[in-house]
Amino acid sequence: MSVTRRGMLARGAALLGTGATLGGCQRILETGPVSDVVYSLDGFTRDAQRLVTDRRALAPEYALSQRSPVFRANGSRTVDTPEYRRMLANGFADYRLRIGGLVRRPFELTLRDLMNLPARTQVTKHDCVEGWSAIGAWTGTPLKLLLDMAGLDRGRARYVLFRCADNYGDTPYYETIDLVEAFHPQTIMAWRMNGEMLPERHGAPLRLRVERQLGYKHAKFVTGIEAIADFASIAGGKGGYWEDSARYAWWAGI
Ligand SMILES: Nc1nc2c(c(=O)[nH]1)N[C@H]1C(S)=C(S)[C@@H](COP(=O)(O)O)O[C@H]1N2
Ligand SMILES: [Mo]
């Protein structure tokens, strides 16, 4: 048995948690477990492949006529800071989206700047972990475009952080996604919902749509986007407000 093959088997065994030791290759080969390990290792490779492929797949899109008559607003429906109230009052003319972190060219955009960039519209289903769903139409700027414009440092950046204007007590809402989600064609910074400017309760003026993930990842009231290497040192270290405070899973893929 070649060293490479032994290494693979050992890795497979470790992954499977079988505790099989592969010192006596011949003995193990003649008994059941090793073929189980080999079979499962193939299964593992297949699953890993499927995982990679699935991560690029599109979320289902719907016809405009399939939109939900009522789209519930959840979590923060309003932002009580004086700064936000001022911005809302004059139609977000003073709003600035900051894009920074591990990028070569940090920059700021007004809402008008964002609306002048190429946009994507998608009719998708939102699934909240609390057990409700709704279909809505979203228009916004592909996140990939913003990251490309900023010159993402692909050598160091691993995640994208979204900073939000709303607080739960003293804790600002925030979320993080990885770069596969960030570059996904349906991952957009939405400023329009169902043909109207994004209403306050749904995260005005700008919210994330990350269609392969559960509702709590879709940060509303976004004020800043940062490319980061790691989220362990941010807030509670779990990568998002609900991940920190309610132990929701960081990975919320659906
Ligand atoms: N900034 C911010 N983003 C947020 C939340 C929030 O409370 N604050 N709630 C999350 C949850 S749990 C859900 S289900 C969706 C709800 O989006 P909607 O209000 O447009 O339905 O926003 C998510 N993004
Ligand atoms: Mo949610």
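Both counts, for ligands and for their atoms, begin at 1 and track the order of listing. In this text, all values refer to a predicted model and were calculated from it rather than measured experimentally.
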(message) Is it true that, when you exclude Arg105 itself, more than 12 heavy atoms of the residues, nucleotides or ligands shown sit nearer than 6.0 Å to its CZ?
(response)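 Counting other residues, nucleotides and ligands, CZ of Arg105 exceeds 12 neighbours.
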
Counting only heavy atoms, which portion of [X] has something under 4.0 Å from ligand 1: side chain, backbone, both, or neither?
X	answer
Asp166	side chain
Ser76	both
Arg207	side chain

For this output row, return yes or no: ring centroids of [X] and [Y] closer than 6.0 angstrom.
X	Y	value
Tyr173	Tyr216	no
Tyr159	Trp250	yes
Tyr241	Tyr168	yes

(request) Assess Glu175 for proximity to ligand 1: is some non-hydrogen atom of it under 4.0 Å away? (result)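 Glu175 does not count as a contact of ligand 1 under the 4.0 Å cut-off.
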
(request) Kindly confirm or rule out an N or O of Glu130 lying under 3.5 angstrom from an N or O of ligand 1. (result)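 No: no nitrogen or oxygen of Glu130 is under 3.5 Å from one in ligand 1.
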
(request) Please determine if Lys220 has a nitrogen or oxygen closer than 3.5 Å to a nitrogen or oxygen of ligand 1. (result)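 Yes, at least one N or O pair falls under 3.5 Å.
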
(message) I'd like the name of whichever of Trp138, Tyr241, Tyr168, Tyr173 reaches closest to atom 5 (C) of ligand 1 through any heavy atom.
(response)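 The residue whose heavy atom sits nearest atom 5 (C) of ligand 1 is Tyr173.
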
(message) On a heavy-atom basis, I'd like to know which of Tyr248, Tyr216, Phe162 is closest to atom 11 (C) of ligand 1.
(response)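 Nearest option to atom 11 (C) of ligand 1, by heavy atoms: Tyr216.
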
(message) Quick one, Trp138 with Trp191, criterion side-chain contact (heavy atoms from CB on, under 4.5 Å). Give me CA distance, side-chain angles, the key distance, then yes/no.
(response) CA-CA 8 Å; Trp138 306 96; Trp191 35 265; over 6 Å; no

(request) Look only at the side chain of Asp127 and the backbone of Leu214, and say whether a donor-acceptor pair between them is shorter than 3.5 Å. (result)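 Checking the backbone N and O of Leu214 against the side chain of Asp127, no donor-acceptor pair under 3.5 Å is found.
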
(message) Checking the side chain of Lys125 only, and the main-chain atoms of Gly136 only, is there a donor and an acceptor separated by less than 3.5 Å?
(response)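 No, Lys125 side chain to Gly136 backbone: no donor-acceptor pair under 3.5 Å.
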
(request) Could you tell me whether Asp178 and Arg55 have a side-chain N and a carboxylate O separated by less than 4.0 Å? (result)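 Judged by the 4.0 Å cut-off on N to carboxylate O distance, Asp178 and Arg55 do form a salt bridge.
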
Write out the residue and atom name of the closest protein heavy atom to [atom], then the distance separating them to 0.1 Å.
atom	value
atom 23 (C) of ligand 1	Gly215 O, 3.3 Å
atom 14 (S) of ligand 1	His126 NE2, 3.2 Å
atom 24 (N) of ligand 1	His218 O, 3.0 Å
atom 21 (O) of ligand 1	Arg72 O, 2.7 Å
atom 18 (P) of ligand 1	His202 ND1, 3.5 Å

(request) List every atom of ligand 1 that sits less than 4.0 Å from any heavy atom of Cys128, numbering the atoms from 1 in the order shown and giving each element. (result)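 Listed by number with element: 14 (S).
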
(message) Which label fits His126 and Trp132: parallel for a plane angle under 30°, tilted from 30 to 60°, or perpendicular past 60°?
(response)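 Aromatic pair His126/Trp132 classed parallel.
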
